[in-house]
J.: 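Sharing a structure here in structure tokens format.
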Amino acid sequence: MDGTLIGLVAFAAVIGLLAIRVPIAFALAGVATVGTFVIFAFRTGVFMPDRAIRPTSSLVFSNSFDLIHSYDLSMIPLFVALGHIAYRAEITTKIYHAARVWLAHVPGGVAMASVVGCGGFSAITGSSIACASTMGRICSPEMLRMGYDKRLATASVAAGGTLGSLIPPSVLFIIYGIFTETSISKLFLAGILPGLLSLAGFLLVIWFWVWRDPAAAPKYAETITFGDKWRAGLAAWPAAALFVIIVGGIYGGFFTATEAAAICVSAAVLIGFAQRKLSFRDIVEALRETCIQTTSIFLIAAGAKIFVAFIALTGVAPSIVQVVTDAQLSVVLLMLAIAAIYLLLGMFLDPIGIMVLTLPLMVPLVEGYGLDLIWFGVVVIKLLEIGLITPPVGLNVFVIAGVVGKDVPIDRIFSGILRFLTVDVLVLILIMAFPILSLLIPGSM
Amino acid sequence: MLRRIEMLLLDLAVFAVAALGLLITASVVLRVTVNSGVPDTIVMVRELMVAAIVLPLAVTTAQRAHIVVEFLSNRLPRRGQEALIVFGSVFGLLALAPLIWAGWREATHALTSGGFFFGDLQLPKWPGRILFLLGISMCWLRLLVMVVTDLRDLRAGRPLAETAYLRGEG
Amino acid sequence: QTLFVGEAGPNRGARADALQWFADTATEMADGLTLDIQWGGALFKAGAALNGIADGVADMGTIIAVYFPQEMVAYGIADLPLQNPDAWVGMKATDALMRSSEAIQQNLASMNLVYLGTFTTSAVHIGCKGTAIRTVEDIEGLKVRGVGAYGDTFRDFGANMVSMSIYDAYQGLDTGLLDCSQGYSYATAALKQQEVIDSYTLLNWGQVGALGVFANKQSFDALDPATQEALMTAGEGMADELGRLITADNERAVETMREAGVEIIELPEDERMKLVEKGAGYIDEWTERAASAGLDGEALLEEYRALIEKYTAERDEQGYPWERG
Ligand code: NA
Ligand code: NA
């Protein structure tokens, strides 16, 4: 049986199952398991199911287990825990109160502050999912409480989270650098301007959204004196302290980004205890919520990982790249085709999986056209970031959905995302059309 | 009974998150202050991650907290929606079954082969694999119980319980 | 027919080139054979490679022994801090040992594996920022990212070992989280560490050589003898091919570092002997582990050391194979 056909059937099956409300993790894992079994059973050309059991079992186990059995990803439960603990210690409420008071005259100011916060946080974590996990727990519930439109309160953070990989440091750039033998430090520098451009684009979306529909971001009703601002600012000191600890710790050479997550949780607990805002019970409750929230995200990520391994077996990715190669397109058409491929794969697969599947074939093709690999890296990462918020499988959206629970259904978040996606596509076109945006900073160093 | 076990597993996961956070904090503090560290931190954090992520699966399942796409199913009448919820659980039973079998193979293999991680403490590979098997199996068991209860409710024309814990049973 | 090859690394760099060479050579020699290499751990990560290959997820692929200290104990001999710094000599010795030893073959067969050929990451050296290692006394108190038993030995000399991946080492050195990072010359330069280090000490001590290509035994046994022969021959040739690539890469890398203003230090012979002596404890530890797996570690070591000597002599007399007329 033709692998490419099996792959395409599998994509269709996933869409079908998601449409009839099968949990995303089960749909991905189930389809991938069956597909893997079919491929291994037909290895010899004849259907031999008994020969497929061992490899299928090995593949589903190792891919799901290895995803969870990860030191680097410990950052995610820890940063989620930070969000929950900071919330219970009233650290997040105070920083939100400060933002609200200081930005009272800016329509949608709190949503903008959240997105800027995502930008700042992405300079720390290096991972979009970690960024969305933490900021989602901190920002979305606060905005919902302030009466923000549910779509705005969730979509802004899901989109803001995608800055995590464009603004350095970034795990995706490291992996891209390894696959292309390009300088990781140059890639980091190349991501800065496009990252800031995306950030500006998101702010523009919020501004436009609230301008069209002022009810989406209720104004702060009370009159604010300078004293109010002063007090609100001062009360937000724990959040500022946490930020200083993270940034100072990482850039001062005291700990790595992964370690920063643990240090921050410990610091938040200490601040909470010192302020008598946190009890032992609070911590246990915060960690229980953390566990329930992270487990569903990881289950989806594990399903996606099995799916990637299955897709690797099908050979779908090389077939697609081969079609593009054979077409001998002009540079513009080539870039459009590549964008289409990454957006298509981004609908289903996770960024790292897509890179592993496509880069070995895509990079020689791009090199053959004489294109700059640093610039191409920025384009690829931006495309992968977009994939994190496109339906049906948008990991960042799921992260936010996990935070807000049943209050905001996923399709509401996706419908809010649409507006951010429009700007993302514009930013993408700018990055593709003007390589100087990516190459200016690394070129001047 | 099942609920008590699941809550215990959740609390074990809570303990695992706390432990890995403390472990990393301790290794940083020791490094910064006395230029020392905790041996095999990375291996221990990895093993704890399995506990932290997999053990709460049953509770997540019981609370119907798995992430789903609802916008099409929401247009169906209530009965249709509920039928899809049950179908999703049945699909989950089928999707997880191979993973349990694979987990069983790996856990027994790790136990009998004596495999261990490279490092100072030469920590064995089996604990993480046993935890993985335990977490997925408990999730499967909970799904099974929910399918049975939900089918009963569906037949009787009762609305499905919002979470498995709202019923006295299980 | 098409066989799947699982490789946890990217399709760039000397090791990838050697694996590609292996695939090209084997498919050229065997009619109708296609090797479909899955890069970047698309099928399984390095930590799952042994089971992945043994269970037939891929028909063959790269296994890195350090992830399987129990199962791959025999192969682990190539990771030991012996006096074994030459990439080509190390690979030839390892390859000869893996091919000739009946005990190792049986040990692998019991795990449903067949040995095909070996790689190496080449000699372990160390780059430092704001400090330099000229004697073993300099190691005391440094924050070091280490590699296997080489890192353990540094700990015994008083270094504080910091766990991080080689890819994070750049930032670690830059911020001062690390004083020094052990690594391989070509990787140090490829990761631009010359931008952040001030000195690079050539330890000339040993290498990490226990990584190579293994096949699923069932898949391998099902092949016709000509194809089996093609895979075996191509596997044996990898040592020469990777030796050529990596030796050139390493020389170029050291030159790049020198040009970037990094001080290149050769560790004096008597200082190097202190490292070798201290590392001996980890060799004894390995021997015990080999014994518990039913292998005669002492005998293997003796054989391995003799092979290292043999190929060192061959290199000294005739030069590397790619340099011979
Ligand atoms: Na980042
Ligand atoms: Na997507």
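Proteins get letters first, then strands, A, B, ... in listed order; numbering begins at 1 in each.
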J.: In terms of heavy-atom pairs under 4.5 Å, which option from Thr60(B), Leu96(B), Leu72(B), Val29(B) contacts chain A the most?
T.: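 Of Thr60(B), Leu96(B), Leu72(B), Val29(B), Thr60(B) has the most heavy-atom pairs under 4.5 Å with chain A.
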
J.: According to the interplanar angle, ranging from 0 to 90°, do the rings of Phe132(B) and Phe65(A) count as parallel (below 30°), tilted (30 to 60°) or perpendicular (above 60°)?
T.: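 Ring orientation of Phe132(B) relative to Phe65(A): perpendicular.
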
J.: Would you mind checking which part of Val32(B) comes under 4.5 Å of any heavy atom in chain A, side chain (CB onward), backbone (N, CA, C, O), both or neither?
T.: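 Side chain only.
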
J.: Say you draw a straight line from CE of Met49(B) to CG of Leu73(A); how long is it, rounded to the nearest 0.5 Å?
T.: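 Rounded to the nearest 0.5 Å, the CE-CG separation comes to 5.5 Å.
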
J.: For Phe117(B) and His69(A): C-alpha separation, side-chain torsions, deciding distance, then whether ring pair (Phe, Tyr, Trp, His ring centres under 6.0 Å) applies.
T.: CA-CA 13 Å; Phe117(B) 295 104; His69(A) 195 252; 5.5 Å; yes

J.: To the nearest 0.5 Å, how far apart are CD1 in Ile85(B) and CZ in Arg21(A)?
T.: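 Rounded to the nearest 0.5 Å, the CD1-CZ separation comes to 4.0 Å.
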
J.: Is it true that, when you exclude Gln122(B) itself, more than 12 heavy atoms of the residues, nucleotides or ligands shown sit nearer than 6.0 Å to its CD?
T.: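 Yes, the 6.0 Å shell around CD holds more than 12 heavy atoms from other groups.
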
J.: For Ala52(B), is it the side chain, the backbone, both, or neither that has a heavy atom closer than 4.5 Å to a heavy atom of chain A?
T.: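 Contact with chain A is through the backbone of Ala52(B) alone.
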
J.: Tell me, side chain or backbone of Ser74(A) under 4.5 Å from chain B's heavy atoms, or both, or neither?
T.: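 The answer is both parts of Ser74(A).
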
J.: Which of the residues Arg64(B), Glu70(B), Gln81(B) is involved in the greatest number of heavy-atom pairs with chain A at under 4.5 angstrom?
T.: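 Result: the option with the highest number of such pairs is Glu70(B).
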
J.: Report the distance from atom OG of Ser73(B) to atom CG of Leu18(A), rounding to the nearest 0.5 Å.
T.: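 One gets 11.0 Å once the value is rounded to the nearest 0.5 Å.
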
J.: By a 4.5 Å heavy-atom criterion (distance strictly below it), what part of Arg31(B) contacts chain A: side chain, backbone, both, or neither?
T.: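 Only the side chain of Arg31(B) comes within 4.5 Å of chain A.
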
J.: So which part of Arg54(A) gets closer than 4.5 Å to some heavy atom of chain B, the side chain, the backbone, both or neither?
T.: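 Looking at Arg54(A), backbone and side chain both touch chain B.
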
J.: In terms of heavy-atom pairs under 4.5 Å, which option from Ile67(B), Val14(B), Val54(B), Leu23(B) contacts chain A the most?
T.: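 Of the candidates given, the most pairs with chain A belong to Ile67(B).
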
J.: Could you have a look at Val17(B), Leu10(B), Asn74(B) and say which one has the most heavy-atom pairs with chain A under 4.5 angstrom?
T.: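 With the most close heavy-atom pairs to chain A, the winner is Leu10(B).
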
J.: For the CG atom of Leu99(B) and the CZ atom of Phe26(A), what is their distance to the nearest 0.5 Å?
T.: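 Here the interatomic distance stands at 10.5 Å.
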
J.: Between CZ of Phe91(B) and CD1 of Ile20(A), what distance do you get to the nearest 0.5 Å?
T.: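 Nearest 0.5 Å value for the CZ-CD1 distance: 8.5 Å.
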
J.: Without swapping roles, check the side chain of Thr295(A) against the backbone of Ile53(B) for a donor-acceptor pair under 3.5 Å.
T.: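 The answer is yes, because a donor-acceptor pair under 3.5 Å joins these two groups.
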
J.: Sort Leu143(B) into side chain, backbone, both or neither according to what part of it lies under 4.5 angstrom from a heavy atom of chain A.
T.: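 The answer is the side chain of Leu143(B).
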
J.: Report, as yes or no, whether the 6.0 Å neighbourhood of atom CZ on Arg281(A) holds more than 12 heavy atoms from other residues, nucleotides or ligands.
T.: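 Open.
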
J.: Rounded to the nearest 0.5 Å, how far does OH of Tyr71(A) lie from CZ of Arg46(B)?
T.: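 Atom-to-atom, Arg46(B):CZ and Tyr71(A):OH are 9.5 Å apart.
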
J.: Please classify the contact between Ala18(B) and chain A as side chain, backbone, both or neither, with a heavy-atom cut-off of under 4.5 Å.
T.: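 Both backbone and side chain of Ala18(B) come within 4.5 Å of chain A.
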
J.: Can you confirm whether Phe273(A) is buried at CZ, in the sense that more than 12 heavy atoms of other residues, nucleotides or ligands lie under 6.0 Å from that atom?
T.: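 Count over threshold, so yes.
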
J.: Tell me whether the count of non-hydrogen atoms from other residues, nucleotides or ligands lying under 6.0 Å of CH2 in Trp101(B) goes above 12.
T.: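 Yes - once you tally the heavy atoms of other residues, nucleotides and ligands closer than 6.0 Å, there are more than 12.
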
J.: Is it the backbone or the side chain of Val69(B) that comes under 4.5 Å from a heavy atom of chain A, or both, or neither?
T.: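 Both backbone and side chain.
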
J.: Heavy-atom distances under 4.5 Å only: say whether Val59(B) touches chain A with side chain, backbone, both or neither.
T.: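 The side chain, not the backbone.
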
J.: Which heavy atom in Thr25(B) sits nearest to a heavy atom in Ala262(A), and how many Å separate them?
T.: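 Heavy atoms of Thr25(B) and Ala262(A) come nearest at OG1-O, 3.5 Å.
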
J.: For the residue pair Ser57(A) and Arg105(B), what are the closest heavy atoms and their distance?
T.: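 Reported closest heavy-atom pair: OG-NH1, 2.9 Å.
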
J.: So which atom in Ala65(B) and which in Ser296(A) form the shortest heavy-atom distance, rounded to 0.1 Å?
T.: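 Closest approach of Ala65(B) to Ser296(A), heavy atoms only: O-CB, 4.0 Å.
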
J.: Let's test your reading of the structure: which of Ser64(A), Gly249(A), Ala25(A), Ala81(A) forms the most heavy-atom pairs below 4.5 Å with chain B?
T.: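 Of Ser64(A), Gly249(A), Ala25(A), Ala81(A), Ser64(A) has the most heavy-atom pairs under 4.5 Å with chain B.
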
